[in-house]
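Heads up, the thing below is written out as C-alpha coordinates.
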Amino acid sequence: MWNLKRYKKICKYSEKVQYKNQNILTACNSYLHIIRAHPFFLTKYENIFNNKSFIFYIFIFIKNILELFIKFFLQFFYFEGFIPKKKNYKILALAHMINFNSFVKNIDYQYGNFFKKKTKGIYYFYLNGSKNKYDKFRFKKNYKKNNNYYLSNSKVSTYNFFKYLLIIFKEFFILFAQFLKKNNTNNEERIFLLNTALNVVSQSTMQNLIFYNKFKYFLEVNSIKKIITTFEGHPFEKLIFKIGSEMSIPVDAYQHSLISDSQHSMFFYPNKDFRPKRILACGKNTFTILKKFFYPEIDVKLIGSTKYKKYSSTSKSYNSLRCLVVPEGFYKETIQMVSFCLDYIKKFDNINFVIRLHPEINKEKLFKINPQLKHHNSNLEISDRKDIIDDAKNCNLLLYRGTTFAADALGLNLKPFYLKNIDEIEIDSLWMFKNKFKEKIKNIEEFNKSTLKIKKKRNNKNELKKAALFSKSFYGKFDYKIKI
(Lines give C-alpha, C1' and ligand atoms only; values in the text may rest on other atoms or scores of the structure.)
Protein backbone atom coordinates (compact mmCIF):
# COMPACT_ATOMS: atom_id res chain seq x y z
CA MET A 1 0.00 0.00 0.00
CA TRP A 2 1.38 3.35 -1.08
CA ASN A 3 1.00 6.69 0.68
CA LEU A 4 2.77 10.05 0.40
CA LYS A 5 5.07 9.28 3.33
CA ARG A 6 6.43 6.15 1.61
CA TYR A 7 6.68 7.93 -1.72
CA LYS A 8 8.70 10.79 -0.23
CA LYS A 9 11.00 8.22 1.39
CA ILE A 10 11.99 6.59 -1.89
CA CYS A 11 12.44 10.01 -3.51
CA LYS A 12 14.79 10.95 -0.67
CA TYR A 13 16.75 7.68 -1.07
CA SER A 14 17.02 8.30 -4.82
CA GLU A 15 18.35 11.83 -4.31
CA LYS A 16 20.97 10.59 -1.84
CA VAL A 17 22.31 7.95 -4.26
CA GLN A 18 22.38 10.42 -7.16
CA TYR A 19 24.28 13.04 -5.16
CA LYS A 20 26.89 10.43 -4.20
CA ASN A 21 27.25 8.86 -7.66
CA GLN A 22 27.24 11.62 -10.29
CA ASN A 23 28.08 9.77 -13.49
CA ILE A 24 26.58 8.55 -16.76
CA LEU A 25 25.56 5.16 -15.31
CA THR A 26 23.52 6.93 -12.63
CA ALA A 27 21.74 8.86 -15.39
CA CYS A 28 21.19 5.58 -17.29
CA ASN A 29 19.73 3.76 -14.29
CA SER A 30 15.95 4.11 -14.62
CA TYR A 31 15.43 2.91 -11.02
CA LEU A 32 16.82 6.22 -9.74
CA HIS A 33 14.52 8.39 -11.86
CA ILE A 34 11.14 8.33 -10.14
CA ILE A 35 8.81 10.03 -12.60
CA ARG A 36 5.69 10.40 -10.42
CA ALA A 37 3.52 8.50 -7.93
CA HIS A 38 1.73 6.42 -10.55
CA PRO A 39 1.11 2.72 -9.69
CA PHE A 40 2.87 1.72 -12.93
CA PHE A 41 6.07 3.54 -11.91
CA LEU A 42 5.93 2.49 -8.25
CA THR A 43 5.60 -1.29 -8.76
CA LYS A 44 9.37 -1.81 -8.87
CA TYR A 45 9.82 -0.16 -5.45
CA GLU A 46 7.30 -2.31 -3.55
CA ASN A 47 9.85 -4.86 -2.28
CA ILE A 48 11.56 -2.09 -0.25
CA PHE A 49 8.72 -2.30 2.27
CA ASN A 50 8.34 -6.10 2.14
CA ASN A 51 10.69 -8.54 3.78
CA LYS A 52 12.30 -10.49 0.94
CA SER A 53 14.95 -13.17 1.41
CA PHE A 54 18.41 -12.72 -0.11
CA ILE A 55 17.55 -15.59 -2.51
CA PHE A 56 14.95 -13.29 -4.09
CA TYR A 57 17.66 -10.74 -4.94
CA ILE A 58 20.01 -13.42 -6.28
CA PHE A 59 17.17 -14.56 -8.55
CA ILE A 60 16.64 -10.97 -9.78
CA PHE A 61 20.38 -10.63 -10.48
CA ILE A 62 20.52 -13.86 -12.52
CA LYS A 63 17.27 -12.96 -14.32
CA ASN A 64 18.66 -9.54 -15.30
CA ILE A 65 21.88 -11.05 -16.68
CA LEU A 66 19.97 -13.66 -18.70
CA GLU A 67 17.67 -10.96 -20.10
CA LEU A 68 20.68 -8.89 -21.16
CA PHE A 69 22.11 -11.77 -23.22
CA ILE A 70 18.75 -12.86 -24.63
CA LYS A 71 17.98 -9.31 -25.80
CA PHE A 72 21.51 -9.03 -27.21
CA PHE A 73 21.00 -12.09 -29.45
CA LEU A 74 17.45 -11.04 -30.44
CA GLN A 75 18.57 -7.57 -31.50
CA PHE A 76 20.45 -9.04 -34.48
CA PHE A 77 17.01 -9.59 -36.04
CA TYR A 78 15.77 -6.07 -35.32
CA PHE A 79 15.66 -3.39 -37.96
CA GLU A 80 17.25 -0.02 -37.37
CA GLY A 81 17.29 3.09 -39.56
CA PHE A 82 20.36 4.43 -41.25
CA ILE A 83 22.60 7.39 -40.44
CA PRO A 84 21.61 10.10 -42.97
CA LYS A 85 24.02 10.85 -45.80
CA LYS A 86 22.92 14.49 -45.94
CA LYS A 87 24.72 16.89 -43.63
CA ASN A 88 22.40 19.89 -43.85
CA TYR A 89 20.10 19.08 -40.92
CA LYS A 90 20.18 21.85 -38.31
CA ILE A 91 17.65 20.59 -35.74
CA LEU A 92 17.51 17.10 -34.26
CA ALA A 93 14.19 16.21 -32.59
CA LEU A 94 14.00 13.25 -30.21
CA ALA A 95 10.64 11.54 -30.68
CA HIS A 96 8.91 8.27 -29.74
CA MET A 97 7.27 5.61 -31.84
CA ILE A 98 4.59 4.30 -29.50
CA ASN A 99 2.29 2.80 -32.10
CA PHE A 100 3.33 1.44 -35.50
CA ASN A 101 0.09 2.20 -37.34
CA SER A 102 0.05 5.81 -36.11
CA PHE A 103 3.72 6.16 -37.00
CA VAL A 104 3.28 5.19 -40.66
CA LYS A 105 0.34 7.63 -40.84
CA ASN A 106 2.65 10.38 -39.54
CA ILE A 107 0.66 10.96 -36.34
CA ASP A 108 2.89 12.49 -33.66
CA TYR A 109 1.51 12.22 -30.11
CA GLN A 110 4.31 14.25 -28.52
CA TYR A 111 4.87 17.24 -30.79
CA GLY A 112 1.70 17.29 -32.90
CA ASN A 113 2.27 19.90 -35.65
CA PHE A 114 5.07 21.52 -33.65
CA PHE A 115 7.32 21.74 -36.73
CA LYS A 116 4.60 22.47 -39.31
CA LYS A 117 6.17 25.79 -40.36
CA LYS A 118 9.73 24.49 -40.13
CA THR A 119 9.83 21.32 -42.21
CA LYS A 120 13.30 21.79 -43.71
CA GLY A 121 16.48 21.13 -41.79
CA ILE A 122 14.82 18.88 -39.17
CA TYR A 123 15.83 15.29 -38.55
CA TYR A 124 13.89 13.00 -36.19
CA PHE A 125 15.60 10.47 -33.95
CA TYR A 126 12.85 8.01 -32.96
CA LEU A 127 13.03 5.69 -29.99
CA ASN A 128 10.96 2.57 -30.48
CA GLY A 129 8.69 2.63 -27.44
CA SER A 130 6.04 0.34 -28.88
CA LYS A 131 4.69 -2.32 -26.53
CA ASN A 132 4.20 -4.60 -29.53
CA LYS A 133 7.37 -6.71 -29.82
CA TYR A 134 6.77 -7.28 -33.55
CA ASP A 135 7.17 -3.56 -34.29
CA LYS A 136 10.93 -4.01 -33.98
CA PHE A 137 10.79 -6.23 -37.08
CA ARG A 138 7.84 -5.02 -39.19
CA PHE A 139 9.20 -1.48 -39.62
CA LYS A 140 11.74 -2.44 -42.28
CA LYS A 141 9.37 -2.70 -45.24
CA ASN A 142 8.04 0.81 -44.55
CA TYR A 143 11.45 2.46 -44.14
CA LYS A 144 12.87 4.68 -46.87
CA LYS A 145 16.47 5.81 -46.79
CA ASN A 146 15.61 9.33 -47.96
CA ASN A 147 13.20 9.96 -45.08
CA ASN A 148 14.21 12.54 -42.48
CA TYR A 149 14.10 10.14 -39.56
CA TYR A 150 16.12 7.43 -37.89
CA LEU A 151 14.54 4.67 -35.83
CA SER A 152 16.54 3.32 -32.91
CA ASN A 153 15.91 -0.23 -31.66
CA SER A 154 18.96 -0.22 -29.35
CA LYS A 155 21.06 -2.35 -31.68
CA VAL A 156 24.66 -2.74 -30.59
CA SER A 157 27.78 -4.46 -31.94
CA THR A 158 29.28 -7.43 -30.10
CA TYR A 159 32.36 -5.40 -29.20
CA ASN A 160 30.34 -2.53 -27.76
CA PHE A 161 27.97 -4.86 -25.93
CA PHE A 162 30.79 -6.43 -23.92
CA LYS A 163 32.46 -3.04 -23.50
CA TYR A 164 29.25 -1.61 -22.00
CA LEU A 165 28.76 -4.77 -19.95
CA LEU A 166 32.14 -4.22 -18.25
CA ILE A 167 31.20 -0.59 -17.48
CA ILE A 168 27.88 -1.78 -16.04
CA PHE A 169 29.47 -4.45 -13.82
CA LYS A 170 32.05 -1.97 -12.55
CA GLU A 171 29.22 0.34 -11.44
CA PHE A 172 27.36 -2.62 -9.94
CA PHE A 173 30.29 -3.51 -7.67
CA ILE A 174 30.65 0.13 -6.56
CA LEU A 175 26.96 0.30 -5.59
CA PHE A 176 26.99 -3.17 -4.03
CA ALA A 177 29.98 -2.14 -1.86
CA GLN A 178 27.94 0.90 -0.72
CA PHE A 179 25.09 -1.47 0.15
CA LEU A 180 27.39 -3.65 2.28
CA LYS A 181 28.47 -0.62 4.34
CA LYS A 182 25.71 0.13 6.85
CA ASN A 183 26.75 3.77 7.43
CA ASN A 184 23.78 4.86 9.57
CA THR A 185 21.26 3.85 6.91
CA ASN A 186 18.04 2.10 7.80
CA ASN A 187 17.03 -1.24 6.30
CA GLU A 188 14.65 0.33 3.74
CA GLU A 189 17.38 2.63 2.43
CA ARG A 190 19.81 -0.30 2.16
CA ILE A 191 17.27 -2.31 0.16
CA PHE A 192 16.78 0.71 -2.11
CA LEU A 193 20.56 0.78 -2.65
CA LEU A 194 20.61 -2.96 -3.37
CA ASN A 195 17.79 -2.55 -5.90
CA THR A 196 19.72 0.32 -7.49
CA ALA A 197 22.78 -1.94 -7.88
CA LEU A 198 20.68 -4.76 -9.36
CA ASN A 199 18.98 -2.39 -11.79
CA VAL A 200 22.35 -1.26 -13.15
CA VAL A 201 22.72 -4.81 -14.47
CA SER A 202 19.50 -4.59 -16.49
CA GLN A 203 18.25 -4.21 -20.03
CA SER A 204 16.88 -0.72 -19.35
CA THR A 205 20.33 0.55 -18.23
CA MET A 206 21.98 -1.13 -21.21
CA GLN A 207 19.47 0.48 -23.60
CA ASN A 208 20.10 3.91 -22.10
CA LEU A 209 23.87 3.46 -22.34
CA ILE A 210 23.53 2.38 -25.99
CA PHE A 211 21.30 5.37 -26.62
CA TYR A 212 23.78 7.78 -25.00
CA ASN A 213 26.67 6.65 -27.20
CA LYS A 214 24.59 6.30 -30.36
CA PHE A 215 22.94 9.71 -29.99
CA LYS A 216 26.32 11.32 -29.33
CA TYR A 217 27.81 9.69 -32.44
CA PHE A 218 24.79 10.79 -34.44
CA LEU A 219 25.50 14.42 -33.51
CA GLU A 220 29.21 14.07 -34.25
CA VAL A 221 28.64 12.98 -37.87
CA ASN A 222 26.00 15.65 -38.55
CA SER A 223 26.14 19.42 -38.28
CA ILE A 224 23.31 19.69 -35.74
CA LYS A 225 22.87 23.16 -34.21
CA LYS A 226 19.89 22.51 -31.90
CA ILE A 227 18.30 19.54 -30.10
CA ILE A 228 14.64 19.32 -29.10
CA THR A 229 13.36 16.62 -26.78
CA THR A 230 10.36 15.87 -24.62
CA PHE A 231 10.41 16.80 -20.93
CA GLU A 232 8.99 14.38 -18.36
CA GLY A 233 12.02 13.35 -16.29
CA HIS A 234 13.04 10.16 -18.13
CA PRO A 235 16.71 9.03 -18.13
CA PHE A 236 17.14 9.44 -21.90
CA GLU A 237 16.09 13.10 -21.61
CA LYS A 238 18.75 13.79 -18.99
CA LEU A 239 21.31 11.99 -21.16
CA ILE A 240 20.41 14.32 -24.04
CA PHE A 241 20.85 17.34 -21.76
CA LYS A 242 24.28 15.99 -20.77
CA ILE A 243 25.30 15.44 -24.41
CA GLY A 244 24.16 18.96 -25.28
CA SER A 245 26.31 20.31 -22.45
CA GLU A 246 29.35 18.26 -23.53
CA MET A 247 29.07 19.26 -27.20
CA SER A 248 27.89 22.87 -26.61
CA ILE A 249 24.64 22.25 -28.48
CA PRO A 250 21.59 24.01 -26.97
CA VAL A 251 18.75 21.69 -25.94
CA ASP A 252 15.10 22.73 -25.80
CA ALA A 253 12.94 20.56 -23.52
CA TYR A 254 9.30 20.54 -24.59
CA GLN A 255 6.84 19.82 -21.79
CA HIS A 256 4.00 18.28 -23.79
CA SER A 257 2.14 16.35 -21.11
CA LEU A 258 0.70 16.90 -17.64
CA ILE A 259 2.76 17.74 -14.58
CA SER A 260 1.38 15.85 -11.60
CA ASP A 261 1.47 17.04 -8.01
CA SER A 262 3.88 14.17 -7.27
CA GLN A 263 6.33 14.77 -10.15
CA HIS A 264 9.89 14.13 -8.98
CA SER A 265 12.56 13.32 -11.57
CA MET A 266 11.63 16.29 -13.76
CA PHE A 267 12.56 18.63 -10.89
CA PHE A 268 15.66 16.92 -9.49
CA TYR A 269 19.16 17.60 -10.88
CA PRO A 270 22.22 16.96 -8.67
CA ASN A 271 24.39 18.12 -11.56
CA LYS A 272 23.62 21.18 -13.73
CA ASP A 273 25.07 19.46 -16.82
CA PHE A 274 22.01 17.19 -16.86
CA ARG A 275 19.57 20.12 -17.25
CA PRO A 276 18.17 21.63 -20.48
CA LYS A 277 19.18 25.00 -21.87
CA ARG A 278 15.57 26.11 -22.34
CA ILE A 279 12.14 24.77 -21.35
CA LEU A 280 9.07 25.16 -23.55
CA ALA A 281 5.70 24.83 -21.78
CA CYS A 282 2.51 23.68 -23.50
CA GLY A 283 0.06 25.71 -21.38
CA LYS A 284 -0.35 28.46 -18.80
CA ASN A 285 -0.89 26.04 -15.91
CA THR A 286 2.35 24.15 -16.45
CA PHE A 287 4.24 27.31 -17.47
CA THR A 288 3.51 28.79 -14.02
CA ILE A 289 4.88 25.65 -12.28
CA LEU A 290 7.99 25.41 -14.45
CA LYS A 291 8.86 29.09 -14.30
CA LYS A 292 8.52 29.15 -10.52
CA PHE A 293 10.94 26.22 -10.16
CA PHE A 294 13.53 26.78 -12.93
CA TYR A 295 13.61 30.50 -13.71
CA PRO A 296 15.95 32.48 -13.88
CA GLU A 297 18.63 29.74 -14.04
CA ILE A 298 16.87 28.23 -17.06
CA ASP A 299 14.88 30.17 -19.63
CA VAL A 300 11.21 29.09 -19.60
CA LYS A 301 8.89 30.01 -22.49
CA LEU A 302 5.16 29.49 -22.99
CA ILE A 303 5.04 28.11 -26.51
CA GLY A 304 1.66 26.36 -26.32
CA SER A 305 0.55 23.24 -28.13
CA THR A 306 -0.84 22.32 -31.53
CA LYS A 307 -3.33 20.19 -29.54
CA TYR A 308 -5.00 23.46 -28.48
CA LYS A 309 -8.64 23.65 -29.50
CA LYS A 310 -11.32 26.27 -28.90
CA TYR A 311 -14.38 24.53 -27.53
CA SER A 312 -17.97 25.67 -27.13
CA SER A 313 -19.32 26.19 -23.59
CA THR A 314 -22.79 24.86 -24.42
CA SER A 315 -24.28 22.78 -21.63
CA LYS A 316 -25.05 19.10 -22.21
CA SER A 317 -28.28 17.37 -21.32
CA TYR A 318 -28.28 14.34 -19.01
CA ASN A 319 -31.55 12.80 -20.23
CA SER A 320 -29.54 9.81 -21.42
CA LEU A 321 -26.07 9.08 -20.07
CA ARG A 322 -23.07 8.19 -22.22
CA CYS A 323 -19.74 7.93 -20.43
CA LEU A 324 -16.41 8.20 -22.21
CA VAL A 325 -13.77 6.03 -20.50
CA VAL A 326 -10.16 7.01 -21.21
CA PRO A 327 -7.49 4.76 -19.62
CA GLU A 328 -3.77 5.50 -19.88
CA GLY A 329 -1.35 3.38 -21.91
CA PHE A 330 -0.93 0.64 -19.31
CA TYR A 331 -2.65 -2.76 -19.63
CA LYS A 332 -3.29 -3.14 -15.89
CA GLU A 333 -4.87 0.30 -15.74
CA THR A 334 -6.99 -0.38 -18.84
CA ILE A 335 -8.25 -3.71 -17.49
CA GLN A 336 -9.14 -2.08 -14.18
CA MET A 337 -11.22 0.65 -15.80
CA VAL A 338 -12.95 -1.60 -18.34
CA SER A 339 -13.71 -4.13 -15.57
CA PHE A 340 -15.27 -1.29 -13.55
CA CYS A 341 -17.61 -0.58 -16.50
CA LEU A 342 -18.48 -4.26 -16.92
CA ASP A 343 -19.31 -4.55 -13.20
CA TYR A 344 -21.47 -1.44 -13.46
CA ILE A 345 -23.59 -2.66 -16.38
CA LYS A 346 -24.12 -6.02 -14.65
CA LYS A 347 -25.84 -4.21 -11.80
CA PHE A 348 -27.20 -1.01 -13.40
CA ASP A 349 -28.44 -0.19 -16.89
CA ASN A 350 -28.64 3.61 -16.97
CA ILE A 351 -25.27 4.33 -18.64
CA ASN A 352 -23.73 3.47 -22.00
CA PHE A 353 -19.92 3.32 -21.86
CA VAL A 354 -17.56 4.23 -24.70
CA ILE A 355 -14.02 2.90 -24.12
CA ARG A 356 -11.26 4.82 -25.85
CA LEU A 357 -8.09 2.74 -25.78
CA HIS A 358 -4.70 4.45 -25.60
CA PRO A 359 -2.59 4.14 -28.82
CA GLU A 360 -0.09 1.96 -26.92
CA ILE A 361 -2.77 -0.62 -26.10
CA ASN A 362 -3.38 -3.43 -28.57
CA LYS A 363 -7.01 -4.55 -28.49
CA GLU A 364 -6.26 -8.20 -29.31
CA LYS A 365 -3.55 -8.42 -26.65
CA LEU A 366 -5.97 -6.85 -24.16
CA PHE A 367 -8.56 -9.56 -24.92
CA LYS A 368 -5.92 -12.27 -24.46
CA ILE A 369 -4.96 -10.90 -21.05
CA ASN A 370 -8.58 -10.66 -19.94
CA PRO A 371 -10.94 -12.72 -22.20
CA GLN A 372 -14.08 -11.50 -20.40
CA LEU A 373 -13.59 -8.06 -21.96
CA LYS A 374 -14.38 -9.63 -25.32
CA HIS A 375 -17.87 -10.63 -24.22
CA HIS A 376 -19.45 -7.30 -23.37
CA ASN A 377 -23.05 -6.26 -23.99
CA SER A 378 -24.56 -3.40 -25.98
CA ASN A 379 -24.05 -0.95 -23.09
CA LEU A 380 -20.30 -1.02 -23.68
CA GLU A 381 -18.52 -0.03 -26.88
CA ILE A 382 -14.79 -0.13 -27.60
CA SER A 383 -14.37 2.80 -29.94
CA ASP A 384 -12.53 2.58 -33.24
CA ARG A 385 -13.35 6.12 -34.36
CA LYS A 386 -10.51 8.05 -35.95
CA ASP A 387 -10.59 10.96 -33.51
CA ILE A 388 -11.21 10.87 -29.76
CA ILE A 389 -12.98 14.23 -30.10
CA ASP A 390 -15.75 12.45 -32.02
CA ASP A 391 -16.18 10.09 -29.06
CA ALA A 392 -16.27 12.99 -26.61
CA LYS A 393 -18.86 14.94 -28.59
CA ASN A 394 -21.27 12.01 -28.30
CA CYS A 395 -20.81 11.66 -24.53
CA ASN A 396 -21.72 13.74 -21.48
CA LEU A 397 -19.69 11.99 -18.74
CA LEU A 398 -16.00 11.16 -18.41
CA LEU A 399 -14.45 8.35 -16.35
CA TYR A 400 -10.71 8.91 -16.00
CA ARG A 401 -7.63 8.57 -13.79
CA GLY A 402 -4.34 9.97 -15.11
CA THR A 403 -5.07 10.80 -18.74
CA THR A 404 -4.22 14.27 -20.08
CA PHE A 405 -7.33 14.10 -22.27
CA ALA A 406 -9.36 14.92 -19.16
CA ALA A 407 -8.46 18.60 -19.76
CA ASP A 408 -9.90 18.42 -23.30
CA ALA A 409 -12.99 16.70 -21.95
CA LEU A 410 -13.60 19.66 -19.64
CA GLY A 411 -13.56 21.96 -22.66
CA LEU A 412 -16.11 19.68 -24.33
CA ASN A 413 -18.35 19.93 -21.23
CA LEU A 414 -18.09 16.31 -20.14
CA LYS A 415 -18.66 15.95 -16.41
CA PRO A 416 -15.50 14.30 -15.03
CA PHE A 417 -15.47 11.40 -12.54
CA TYR A 418 -12.09 10.41 -11.13
CA LEU A 419 -11.89 6.68 -10.31
CA LYS A 420 -9.98 6.48 -7.06
CA ASN A 421 -8.22 3.44 -5.63
CA ILE A 422 -8.16 3.22 -1.84
CA ASP A 423 -4.62 1.79 -1.55
CA GLU A 424 -2.74 4.29 -3.70
CA ILE A 425 -1.68 7.92 -4.01
CA GLU A 426 -4.06 9.87 -6.22
CA ILE A 427 -2.97 10.29 -9.85
CA ASP A 428 -5.75 12.72 -10.79
CA SER A 429 -4.67 14.52 -13.99
CA LEU A 430 -7.11 17.32 -13.08
CA TRP A 431 -5.54 17.88 -9.66
CA MET A 432 -5.22 21.61 -10.39
CA PHE A 433 -8.92 21.91 -11.22
CA LYS A 434 -10.59 22.71 -7.90
CA ASN A 435 -14.30 22.68 -8.65
CA LYS A 436 -17.40 20.72 -7.60
CA PHE A 437 -18.04 20.00 -11.27
CA LYS A 438 -15.43 17.23 -10.89
CA GLU A 439 -16.34 14.30 -8.65
CA LYS A 440 -14.33 11.44 -7.15
CA ILE A 441 -15.72 7.92 -6.86
CA LYS A 442 -14.36 4.66 -5.41
CA ASN A 443 -16.92 2.08 -6.61
CA ILE A 444 -19.89 1.47 -8.89
CA GLU A 445 -22.42 2.30 -6.14
CA GLU A 446 -20.95 5.78 -5.66
CA PHE A 447 -20.89 6.31 -9.42
CA ASN A 448 -24.52 5.26 -9.75
CA LYS A 449 -25.60 7.51 -6.88
CA SER A 450 -23.85 10.54 -8.45
CA THR A 451 -25.24 9.92 -11.93
CA LEU A 452 -28.80 9.57 -10.62
CA LYS A 453 -28.47 13.03 -9.04
CA ILE A 454 -27.34 14.73 -12.22
CA LYS A 455 -29.77 13.04 -14.61
CA LYS A 456 -32.15 15.50 -16.30
CA LYS A 457 -30.09 18.36 -14.91
CA ARG A 458 -28.19 21.06 -16.78
CA ASN A 459 -24.79 22.24 -15.63
CA ASN A 460 -24.29 25.46 -13.76
CA LYS A 461 -23.08 28.09 -16.29
CA ASN A 462 -20.45 29.35 -13.87
CA GLU A 463 -19.05 25.81 -13.47
CA LEU A 464 -18.96 25.34 -17.24
CA LYS A 465 -17.10 28.62 -17.67
CA LYS A 466 -14.48 27.61 -15.08
CA ALA A 467 -14.08 24.20 -16.75
CA ALA A 468 -13.60 25.81 -20.18
CA LEU A 469 -11.04 28.27 -18.79
CA PHE A 470 -9.07 25.45 -17.17
CA SER A 471 -9.09 23.48 -20.42
CA LYS A 472 -7.86 26.53 -22.31
CA SER A 473 -5.04 27.02 -19.77
CA PHE A 474 -3.93 23.37 -19.99
CA TYR A 475 -2.97 23.64 -23.68
CA GLY A 476 -2.21 27.16 -24.92
CA LYS A 477 -2.46 28.30 -28.52
CA PHE A 478 0.83 27.48 -30.24
CA ASP A 479 3.09 30.51 -30.64
CA TYR A 480 4.97 30.17 -33.93
CA LYS A 481 6.78 33.46 -33.21
CA ILE A 482 9.02 31.78 -30.64
CA LYS A 483 12.22 30.84 -32.40
CA ILE A 484 13.02 27.14 -32.39
Side-chain angles (χ1 to χ4, degrees), residues 14 17-18 20-33 44 57-83 92 94 96-97 125-130 133 136-137 150-179 193-222 227 229 234-247 249 265 270-271 273-274:
S14 166
V17 175
Q18 289 187 66
K20 192 171 184 178
N21 305 273
Q22 295 184 30
N23 55 50
I24 291 299
L25 264 296
T26 297
C28 289
N29 192 340
S30 61
Y31 191 81
L32 289 170
H33 302 275
K44 58 187 173 186
Y57 295 102
I58 293 170
F59 171 77
I60 295 296
F61 182 68
I62 295 169
K63 175 179 165 289
N64 286 355
I65 292 173
L66 286 173
E67 186 182 11
L68 274 170
F69 280 94
I70 290 167
K71 295 285 184 181
F72 169 66
F73 289 115
L74 280 176
Q75 59 105 31
F76 287 110
F77 300 97
Y78 295 165
F79 172 75
E80 191 153 275
F82 303 95
I83 300 291
L92 183 62
L94 190 284
H96 311 263
M97 189 194 85
F125 190 104
Y126 279 96
L127 293 177
N128 191 342
S130 173
K133 60 185 178 182
K136 293 184 184 292
F137 308 96
Y150 173 86
L151 183 78
S152 176
N153 272 321
S154 301
K155 290 194 74 167
V156 62
S157 67
T158 304
Y159 172 80
N160 281 334
F161 173 77
F162 285 101
K163 177 185 170 183
Y164 299 157
L165 203 60
L166 286 173
I167 295 169
I168 283 169
F169 271 105
K170 183 181 176 182
E171 183 68 11
F172 166 77
F173 286 119
I174 291 169
L175 289 167
F176 191 71
Q178 290 175 17
F179 158 74
L193 194 53
L194 177 58
N195 284 338
T196 302
L198 291 172
N199 205 79
V200 168
V201 189
S202 71
Q203 180 61 17
S204 64
T205 301
M206 176 64 83
Q207 282 183 339
N208 286 325
L209 191 56
I210 292 168
F211 167 78
Y212 171 75
N213 287 283
K214 191 169 288 186
F215 197 82
K216 198 171 181 180
Y217 172 73
F218 198 97
L219 292 168
E220 286 170 353
V221 298
N222 294 283
I227 304 168
T229 183
H234 293 291
F236 64 83
E237 293 166 352
K238 295 189 177 185
L239 290 170
I240 290 172
F241 303 151
K242 174 64 174 171
I243 292 168
S245 177
E246 289 173 344
M247 301 182 70
I249 301 174
S265 182
N271 190 313
D273 288 346
F274 290 89

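Predicted model, so just to flag it, every value in this text is computed and none were measured.
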State, yes or no, whether a side-chain contact exists between [X] and [Y] at a heavy-atom distance under 4.5 Å.
X      : Y      : value
Lys71  : Met206 : no
Tyr212 : Tyr164 : no
Asn213 : Asn160 : no
Lys20  : Gln178 : yes
Ile227 : Leu219 : yes
Leu166 : Phe162 : no
Leu68  : Phe72  : no
Leu32  : Val17  : yes

Chi angles and distances behind the side-chain contact (heavy atoms from CB on, under 4.5 Å) call for Gln18, Asn271: CA-CA 9 Å; Gln18 289 187 66; Asn271 190 313; over 6 Å; no
Taking the side chain from [X] and the backbone from [Y], do they hold a donor-acceptor pair closer than 3.5 Å?
X      : Y      : result
Thr205 : Asn199 : yes
Lys238 : Ser265 : yes
Glu67  : Gln203 : no
Thr229 : Glu237 : no

Could you check Phe215 against Phe218 for ring pair (Phe, Tyr, Trp, His ring centres under 6.0 Å), going step by step and ending with a plain yes or no? CA-CA 5 Å; Phe215 197 82; Phe218 198 97; 7.0 Å; no
Would you sort out whether Asn222 and Leu92 count as a side-chain contact (heavy atoms from CB on, under 4.5 Å), showing the intermediate values? CA-CA 10 Å; Asn222 294 283; Leu92 183 62; over 6 Å; no
Asn29 side chain to Glu171 side chain, donor-acceptor N/O pair below 3.5 angstrom: no
Any chance the side chains of Thr26 and Gln22 put a donor and an acceptor closer than 3.5 Å? no
In Å and rounded to the nearest 0.5 Å, what is the [atom1] to [atom2] distance from [X] to [Y]?
X      : Y      : atom1 : atom2 : answer
Leu209 : Phe161 : CG    : CZ    : 11.0 Å
Phe179 : Tyr57  : CZ    : OH    : 8.0 Å
Ile65  : Ile70  : CD1   : CD1   : 12.0 Å
His96  : Leu127 : NE2   : CG    : 6.0 Å
Ile58  : Ile60  : CD1   : CD1   : 11.5 Å
Leu94  : Leu239 : CG    : CG    : 10.0 Å

Specify whether Phe172 and Phe169 have parallel, tilted or perpendicular ring planes, treating 30° as the upper limit for parallel and 60° as the lower limit for perpendicular. perpendicular
Assign the ring pair Phe73 / Phe76 to parallel, tilted or perpendicular, where the plane angle (0 to 90°) is split at 30° and 60°. tilted
Can you give me the closest heavy-atom contact between Ser30 and Ser204, atom names plus distance? OG-OG, 3.2 Å
Measure across Lys155 and Gln75 and return the closest heavy-atom pair with its distance rounded to 0.1 Å. CA-OE1, 2.9 Å
Give a yes or no on this: more than 12 heavy atoms of other residues, nucleotides or ligands lie within 6.0 Å of atom NZ of Lys44. yes
